[in-house]
Enquirer: 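Provided herewith is a single structure, encoded as structure tokens, for subsequent inquiry.
These values consider heavy atoms only, across backbone and side chains, with no hydrogens, waters or symmetry-generated copies. Owing to the predicted nature of the structure, the values given are computational and were not obtained by experimental measurement.
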Amino acid sequence: MRQLEHLLRLRRAGVRLDAYIMDCFWYEPASAYRQFRRAHWRDNGKRWIGACQRHGVLPGLWFACNNTGRFCGLEVAESWRGSVDPASDPRWAAACLFEGPFLPDLMAVFDLWYQRGVRLFKLDFLKLDAQLPHHRLSLLAGEIKALNAEAFRTALRTFRRTHPESVMMAYNGFEEDSFMAGTDFVPRKTLDHRWLEAVDCFYSGDPRPADVPAMNFWRSKDVYSDHMVRAYLAQGFRPAVIDNAGFMIGTTGTCYHRGTKAWKGMLLLALARGGWATTYYGNLELLEDADAAWFARVQALLAPLVQYGACGVLGALPGTGLPYGFTLEQGEERFVLAVNPGQAEAALPLPAGAGRVLFQDAGFVARLTDTQVVLGAEQMAVIGYGRFAAAACDLGIQEDVRIPLQTSPLPLTTGADGRNRLCGSTHAPATGAVRLVVRQRVDGTAKRTTGGAPPAGRTLGTLLTLTARQDGRELPVVIHYDHAIWSGLSWAVGEIAADALQPHQPLELTVTSHEAVVVALTMEAWAVTPG
């Protein structure tokens, strides 16, 4: 209810927020989704739904599709038992969708909440391999997946015809072959277009660090969401049906306790990716009134182009580490959001025209011509054209992301020092800091290390460790990736500040991976002039 109050506060400031989805764990575990948690909602959610309706906010609820396990905080209800394999692990149990009582019961639950005012249905953790014991001898694994998919599609199509205001949002499990773990891949077909007969949009993965190393941990998360959207576009999906899920602020482990760090760039990218279902996850109270005014202004500028204009892409796939961008345009009016995920300044070719940089990270000043923009290491910028090139459209500087004024590679000699340990030797530059960039691979593919999710998970700073020594002294290495990262991390980036270094003197660098398997480590060193 407190979040609803803040949602309404943001709306009064001009922010467009149409709906409020109550996420996972809102339900009593054994109630088959018919009861809100009794310990927290004595009225079965009536007060919340009623308050949303009074203020014109569409209520939404999260459902674990046919995942019935304790992983989702569920207990198998009596009405589901005929569809659940009795020998399955209670933590990961799932209900067959093409045989037994589960699917009709789930659709009855959807109808029940629709009649009570719920309009958005967030569908998560679909298990297309769910089966009953006798299916193992009569059906192939591919047949089981096909039967489950068709049964669920048919049920959802029917429900949408008879419940015309419902919005179905598809999350984990709808893809044939999950590709969301990281960005070190070439896009391939993973999602059946026939699902668009049954749902309104697909999400493209919970934000996590990309497999592109970054000193700024939050920029790495931007690159991940950018890459996932490009992967869906490559499969022929329109931007409108992709829920990029890229905007997360808050105090939870899902968003790595980021608070509002680098939230402005995150918002701009979330809108520029072109989806018609844009989700904002987290603690809305963290956005102050001045933040709300800026939020509303950005929406007012970009949303009409998302809705009525054309959405496009520029440059390379984000996961390659090369410059890329998104475009929103209508006639002569255009926005370009440009990103350089690499460690050296780089140019992104642009459509010809006279533009204006409206927003950029602090430090390095983006250099714009009629045909390209040059960005510093890990920098993003927004360029406006047509009437959007006016000074009145300026969106300012993102002060909490500082881009080096200059970076240049340092010569580095490396050698293995035992299992999962790599040492490097170079000389400190005449001025500035040294940035150490490490990648971790197995068989040429990015290998993610994780210590588990918070609060009990180990942080990555203890699992991918960087050390630096000069003249017998250990030097402090500043890192920003020391989080309990549930999705894992395949790289480590750290900096030794200029005032800790002796110019021109030998510098010894070491990375140690505590990954359980043998990994291949690579290392780069960069001279950095801070921004």
Side-chain angles (χ1 to χ4, degrees), residues 184 209-217 219-220 320-323 340-346 363-364 374-379 402-442 444 446-447 449 460-482 489-515 518-531:
D184 191 21
D211 293 309
V212 179
M215 184 65 192
N216 188 312
F217 182 76
R219 180 53 38 80
S220 182
T320 64
L322 299 173
N340 172 23
Q343 292 302 315
E345 70 176 61
F364 186 96
V374 177
L375 302 172
E378 303 180 15
Q379 188 172 34
R402 302 203 66 83
I403 304 302
L405 299 179
Q406 184 177 9
T407 60
S408 57
L410 291 170
L412 184 69
T413 301
T414 62
D417 182 22
R419 186 180 187 273
N420 291 353
R421 182 181 174 92
L422 183 69
C423 296
S425 299
T426 187
H427 283 74
T431 60
V434 170
R435 179 175 292 184
L436 177 59
V437 178
V438 172
R439 293 175 184 263
Q440 176 176 271
R441 295 181 174 93
V442 171
K447 173 61 178 176
T449 292
L460 264 293
T462 66
L463 298 174
L464 292 172
T465 59
L466 304 178
T467 58
R469 300 185 69 85
Q470 192 177 53
D471 194 24
R473 299 178 301 116
E474 183 166 333
L475 308 180
V477 180
V478 176
I479 63 172
H480 296 150
Y481 64 87
D482 192 24
L489 191 66
S490 64
W491 51 263
V493 180
E495 281 190 6
I496 304 107
D499 59 8
L501 291 165
Q502 298 178 30
H504 304 296
Q505 296 304 303
L507 180 63
E508 303 299 323
L509 305 168
T510 304
V511 57
T512 303
S513 171
H514 297 272
E515 174 59 43
V518 175
V519 296
L521 297 166
T522 59
M523 180 189 298
E524 301 170 7
W526 293 78
V528 173
T529 303

Enquirer: Distance check, rounded to the nearest 0.5 Å: E524 atom CD versus R439 atom CZ?
Expert: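 E524 CD to R439 CZ: 6.5 Å, rounded to 0.5 Å.
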
Enquirer: Let me confirm one number: the CG-NE2 distance from L460 to H514, rounded to the nearest 0.5 Å.
Expert: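 With rounding to 0.5 Å, CG (L460) is 11.0 Å from NE2 (H514).
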
Enquirer: Checking Q502 side chain against Q470 main chain: does a donor-acceptor pair fall under 3.5 Å?
Expert: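 Answer holds: no.
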
Enquirer: Check whether T407 reaches the backbone of Q343 with its side chain - one donor and one acceptor, N or O, closer than 3.5 Å.
Expert: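 Yes, the answer is positive, given that a donor and an acceptor are paired below the 3.5 Å cut-off.
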
Enquirer: Sort out for me which residue in T467, T414, L412, L466 forms a side-chain contact (heavy atoms from CB on, under 4.5 Å) with L509.
Expert: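 The option that passes is L412.
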
Enquirer: Is a side-chain donor or acceptor of D211 paired with a backbone partner of D184 at a separation under 3.5 angstrom?
Expert: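 Yes: the side chain of D211 pairs with the backbone of D184.
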
Enquirer: Look at the side chain of E378 and the backbone N and O of R219, then say whether any donor-acceptor pair between them is shorter than 3.5 Å.
Expert: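 No; judged by distance alone, with no hydrogens or angles, the pair does not exist.
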
Enquirer: Enter the distance from T413:OG1 to E508:CD here, rounded to the nearest 0.5 Å.
Expert: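 Nearest 0.5 Å value for the OG1-CD distance: 9.5 Å.
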
Enquirer: Measure across P404 and V528 and return the closest heavy-atom pair with its distance rounded to 0.1 Å.
Expert: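 Nearest heavy atoms, P404 then V528: CB-CG1, 3.6 Å.
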
Enquirer: For R435 and E495, what are the C-alpha separation, side-chain angles and deciding distance, and is it a side chain to side chain contact (heavy atoms under 4.5 Å, CB included)?
Expert: CA-CA 4 Å; R435 179 175 292 184; E495 281 190 6; 2.6 Å; yes

Enquirer: When rounded to the nearest 0.5 angstrom, what distance separates CH2 in W526 from OG1 in T426?
Expert: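 Going from CH2 on W526 over to OG1 on T426, the span is 12.5 Å.
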
Enquirer: Rounded at 0.5 Å granularity, tell me how far OG1 in T510 sits from CG in L521.
Expert: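 T510 atom OG1 to L521 atom CG measures 11.0 Å (nearest 0.5 Å).
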
Enquirer: Any idea which heavy atoms bring V442 and V518 closest together, and the distance?
Expert: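 Heavy atoms of V442 and V518 come nearest at CG2-O, 3.7 Å.
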
Enquirer: Please determine whether side chain to side chain contact (heavy atoms under 4.5 Å, CB included) holds for the pair Q440 and V511, giving the CA-CA distance in whole Å, both sets of side-chain angles, and the decisive distance to 0.1 Å.
Expert: CA-CA 10 Å; Q440 176 176 271; V511 57; over 6 Å; no

Enquirer: How close do P341 and V212 get, counting heavy atoms only, and between which atoms?
Expert: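 Heavy atoms of P341 and V212 come nearest at O-CG1, 3.7 Å.
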
Enquirer: Look at the aromatic rings of F217 and W491 and report parallel, tilted or perpendicular, splitting at 30° and 60°.
Expert: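 Correct class here is tilted.
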
Enquirer: What are the two closest non-hydrogen atoms of L475 and L501, and how far apart are they?
Expert: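 Looking at all heavy atoms of both residues, the closest pair is CD1-CD2, 3.7 Å.
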
Enquirer: Indicate the atoms forming the closest heavy-atom contact of P323 with A346, along with that distance.
Expert: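 Heavy atoms of P323 and A346 come nearest at CG-CB, 3.5 Å.
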
Enquirer: Verify side-chain hydrogen bond (donor to acceptor under 3.5 Å, both in side chains) between E515 and T449, making sure each step is shown before the conclusion.
Expert: CA-CA 6 Å; E515 174 59 43; T449 292; 2.6 Å; yes

Enquirer: Is a side-chain N or O of T512 found less than 3.5 angstrom from the main chain of R421, in a donor-acceptor match?
Expert: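 Flag not set: sc T512 to bb R421 has no pair under 3.5 Å.
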
Enquirer: Can you check whether G376's main-chain N or O pairs, donor with acceptor, with N340's side chain at less than 3.5 Å?
Expert: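 Indeed, once roles are kept as given, a pair shorter than 3.5 Å links the two residues.
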
Enquirer: Ignoring hydrogens, what is the shortest heavy-atom contact between V434 and P429? Give both atom names and the distance.
Expert: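 Answer, listing the atom of V434 first, then P429: CG2-CD, 3.4 Å.
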
Enquirer: How about N216 and H480: do any of their side-chain heavy atoms sit closer than 4.5 Å?
Expert: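 No. Closest side-chain heavy atoms not under 4.5 Å.
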
Enquirer: How many angstroms lie between atom OG of S490 and atom CG of L464, to the nearest 0.5 angstrom?
Expert: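 It comes to 8.5 Å.
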
Enquirer: Walk me through it: do R441 and T522 pass the test side chain to side chain contact (heavy atoms under 4.5 Å, CB included)?
Expert: CA-CA 8 Å; R441 295 181 174 93; T522 59; 3.7 Å; yes

Enquirer: Can you find a pair of side-chain heavy atoms, one from M215 and one from V478, that are under 4.5 Å apart?
Expert: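 Yes. Closest side-chain heavy atoms under 4.5 Å.
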
